[in-house]
Amino acid sequence: MFVTFSPTELGYASDILLIGNDSPGEEISEVSLSGVGVDSEPPPDELIQEILDFIDDSVAAGDLSGTGSGNSAENRLNALKNMIEAAGDLIEDGYYEQAYDQLESAYKKCGGESPPPDFVVGDATGGLAGLILSLMDIVELLI
């Protein structure tokens, strides 16, 4: 038998575990438990949706747009969203290495480094790149 203690709040937490049985005359044992609740990352599928929402909200606010002239800008923005959605599908199917590679490619399209040329520009590109990197860190742990 084993027992785990996982605080659900941030910071230090403690409690007492009472151990007993049905036998008459047996004492109840007390075991002190303590631990530190930490910030946990949301599941990857929630982060995928968070990134897609961030893109949509940033575009609506005028803080993010696709690069290029004419339809190229919208097409590049949509291509970036498709890359992120594809990474989500790969994660869902358990293909973590491929999902990581897909996210890395998406990051390179908004990371501000050239080559390759970025697919998006605007004040929100740094935030978008940061969200993608955070998800890459989580996926890397699944590999």
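Note that the numbering runs from 1 along the sequence shown for the chain. Both backbone and side-chain heavy atoms feed into the values below; hydrogens, waters and symmetry mates do not.
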Legend entry - Within-4.5 Å side-chain heavy-atom neighbours: Thr125 and Asp118: no
Inset, instruction - Return each pair, listed once, that meets salt bridge (Lys or Arg N to Asp or Glu O under 4.0 Å) where at least one residue sits in residues 120-142; pairs must be two or more places apart or across chains. - result: none
Inset, instruction - For Ala73 and Gly68, work out which heavy atoms get closest and say how close. - result: CB-O, 3.5 Å
Inset, instruction - Flag the pair Ile55 / Ile84 as yes when at least one side-chain heavy-atom distance between them is below 4.5 Å, and no otherwise. - result: yes
Inset, instruction - Using side chain to side chain contact (heavy atoms under 4.5 Å, CB included) as the criterion, list what pairs up with Leu18, not counting sequence neighbours. - result: Ile16, Ile28, Glu30
Solution key, residues 76-83 side-chain donor-acceptor pairs under 3.5 Å, sequence neighbours excluded:
residue, atom, partner, partner atom, Å
Arg76, NH1, Thr67, O, 3.1
Asn78, ND2, Glu74, O, 3.3
Lys81, NZ, Asp56, OD1, 2.7
Asn82, ND2, Asn78, O, 3.3

Legend entry - Nearest-0.5 Å distance that lies between atom CG in Leu47 and atom CD1 in Ile138: 4.5 Å
Inset, instruction - Tell me, please, which residues at least two apart from Ser65 pass side chain to side chain contact (heavy atoms under 4.5 Å, CB included). - result: Val121
Legend entry - Sequence neighbours excluded - salt bridge (Lys or Arg N to Asp or Glu O under 4.0 Å) pairs with any residue from residues 44-55: none
N/O donor to acceptor pairs below 3.5 angstrom from side-chain atoms of residues 88-99, sequence neighbours left out:
none

Legend entry - Any Leu142 side-chain heavy atom under 4.5 Å of Pro44 side chain: yes
Inset, instruction - Supply the members, apart from Leu141, of the Ile/Leu/Val/Met/Phe/Trp/Tyr cluster built from side-chain contacts under 4.5 Å; use none for a lone residue. - result: none
Inset, instruction - To the nearest 0.5 angstrom, please state how far the CD1 atom of Ile132 sits from the CG atom of Leu135. - result: 8.5 Å
Inset, instruction - Write out all pairs satisfying side-chain hydrogen bond (donor to acceptor under 3.5 Å, both in side chains) with one or both partners inside residues 102-111, taking only residues at least two apart or from two chains. - result: none
